[in-house]
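The basis for the numbers below is simple: all heavy atoms, side chains too, and nothing from hydrogens, waters or symmetry mates. Remember, it's 1-based here, ligands and their atoms both numbered in the order they're listed.
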Amino acid sequence: MKIAGNIPIREVEENFINIQPIQAAGRLTAEAMKALIVYGDGYSTCDQCRKPFRLDKITKPPIAEFHNDLARFLSMDEARVTPGARRAFQAVCLALVNKGDTVLVSALGHYTEFLAVENAKATVREVPTNDVNIVTGDAVAQKIEEVTREQGKSPALVMLDHFDYSLANEHDVVGAAKAAHQYDTPILYNGAYTVGIKPIDGKALGVDFVVGSGHKSMASPAPSGVLATTSEYADTVFSTTQMIGDVTGRQFGVKEVQMLGCTLMGGNILAMMASFPTVKRRVQEWDEYVAKSNYVVDALLGITGNTCVSEYPRKHTLTKVDTTGSFDTVARTHKRRGFFFSDELKQRGIVGAFAGATRAWKLNTYGLNWGQTRYVADAFKEVAGKYGLL
Ligand SMILES: *Cc1c(COP(=O)(O)O)cnc(C)c1O
C-alpha cells in the first residue's frame, strides 16, 4: 500500500514495540493525529487571526491560551513555540550573543547548540564532565573563570542539557545556574529530553530559558518545540521589529524578530496543543517510566558481559549499554554479523535498536506499559539464552 506514488506507508508504531532512542517520546497521540489531518493546511491557524496578527495572540483555536499554559507548565513567565529545540537555541543566541562572544556548552552538549552559537558568529567552549560523566556546577564555575581570565569578560551564555543525548545522565542544572548567575551570565536549560516527559520547574531550577523539543518529548510532529523565559529576558529574546521600509515606510509592529514573526502554523501547533493534555498528565508518571527503564536495563545487566555506559541506576528512559562482552561475541562469527541481534529482536516484534550495532548502543523504553516492559526484558534474555550467553 502506498500513500501516493512511491511513498510507502509507515507502520512502525502500529506493528512493533519501538525502543528507538529519539523517537520514543515524540510519537503522536491519537488526538495529535486528528489535529494534523484537520489543520494540515499550513495557514489554517489564520482563519480567525485578528489584530495584532501574531500566532501567539490567536484565540480561535485557543493558541494564545496554549502559550500561557506552556509558560505555566514550565514555571516560566513567557513562552513561544519554535520549530524544534534548535530554533529556540538559535533565537536565544541571536538575541543575547554578539559576534566574537563565547558560549559555554557541556562536553556532552548537543550538536545543535554548537550550530546555534556558530550561527551567531560566536565561539563554543565546552565544560568538561567529571569522572562519572556528569557536568557539575563547580565545573561550570571553573570554565567561566577560565574564559573570563583569558578574554577579560565572562561568557555571554551557558547552555546545559539536563539529560544529555549520549548517555542521558543527569547534569547539575541547579548548581550550573548558581554558578552562571554569580558571573552574571544567563543560562539556558536544554530540556529536549525532559520537557514533556518529566515535570520541569524553570523557576526552581533557577534558569533563564527553558527549551523543549516537541517532536522529541512532547508527542508532537516535527518540527515543533518550546522556548520559555522569564520576564527579565522576554523583551530581549522576543524583541519586536524596529524596521521601516525606506520606500514604503512600512512597519510591522509586534512581529518578533527572533521568531521571524509567526512560528508553528497549521497542523504542527494544533497537534502540539492536542497532545498537551496527555503530556501534562504523563509527566506525573515519570517515576514509573524510570522504574520500567531500570527493569529493562537490569535484565540486560543480568546477561554476562553487559555493562551500562550511562549512570546507573537509571534516572531516565534513554540508556546507553555496552554488549561487547555478550551479543558482540556472537556477531563475530554469525553469518549476519551484528545484524543478527536486530534480526532476533525484530522477529520478537521489537525495533529501534540500531541495526548492526552489538557494542555500545542506545535504547529508550519511554511509553512502554508494564506488559511491554517485561516482554522487552524477556526478549533480551531469550536472545542471550538462544546463543548460550546467560
Ligand atoms: C534532540 C536534541 C536536540 C534537538 O532537538 P530538535 O527539537 O530536533 O531541534 C537538542 N538537544 C538535545 C540534548 C537533544 O537530545
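- Using a 4.0 Å cutoff on heavy atoms, D164 does not count as a contact of ligand 1.
- Ligand 1 has N190 within reach: a non-hydrogen atom of the residue lies less than 4.0 Å from it.
- For ligand 1, the atoms closer than 4.0 angstrom to any heavy atom of K216 are 1 (C), 2 (C), 3 (C), 14 (C), 15 (O).
- With a 4.0 Å heavy-atom cut-off, ligand 1 is reached by the backbone of R86 and by its side chain too.
- The shortest N or O to N or O distance between H215 and ligand 1 is below 3.5 Å.
- Using a 4.0 Å cut-off to heavy atoms of Y165, the atoms of ligand 1 that qualify are 15 (O).
- Annotation for ligand 1: atoms under 4.0 Å from non-hydrogen atoms of A192 are 2 (C), 3 (C), 10 (C), 11 (N), 12 (C), 14 (C), 15 (O).
- Nearest to atom 4 (C) of ligand 1 among the protein's heavy atoms is H110 CE1, 3.6 Å.
- Near D161, the atoms of ligand 1 lying under 4.0 angstrom from a non-hydrogen atom of the residue are 13 (C).
- Using a 30° and 60° split on the angle between ring planes, Y193 and H316 fall in the perpendicular class, above 60°.
- Heavy-atom contacts from other residues, nucleotides or ligands closer than 6.0 Å to CZ of R314 number more than 12.
- Between E344 and R348 there is a salt bridge, since at least one side-chain N of the basic residue sits less than 4.0 Å from a carboxylate O of the acidic one.
- For ligand 1 and A85, the ligand atoms under 4.0 Å from any heavy atom of the residue are 5 (O), 6 (P), 7 (O), 9 (O).
- A cation-pi arrangement is absent between K362 and F354, since the terminal nitrogen or guanidinium carbon is not both under 6.0 Å from the aromatic centre and inside a 45° cone about the axis.
- N98 places no side-chain N or O within 3.5 Å of a backbone atom of D101 that could act as its donor or acceptor partner.
- Every atom of ligand 1 with a heavy atom of S213 under 4.0 Å away is listed here by number and element: 5 (O), 6 (P), 7 (O).
- Ring geometry for H110 against Y165 counts as perpendicular: the plane angle is over 60°, on a 0 to 90° scale with 30° as the lower cut.
- Under 4.0 Å is where a charged nitrogen must lie from a carboxylate oxygen, and between D201 and K203 no such pair does.
- Listed by number with element, the atoms of ligand 1 under 4.0 angstrom from any heavy atom of Y193 are 15 (O).
- In this structure, a donor-acceptor pair under 3.5 Å is absent between the side chains of D161 and S106.
- The two residues P21 and N364 have their closest heavy-atom pair at O-ND2, 2.9 Å.
- Considering backbone and side-chain atoms alike, G84 places every N or O at 3.5 Å or more from each N or O of ligand 1.
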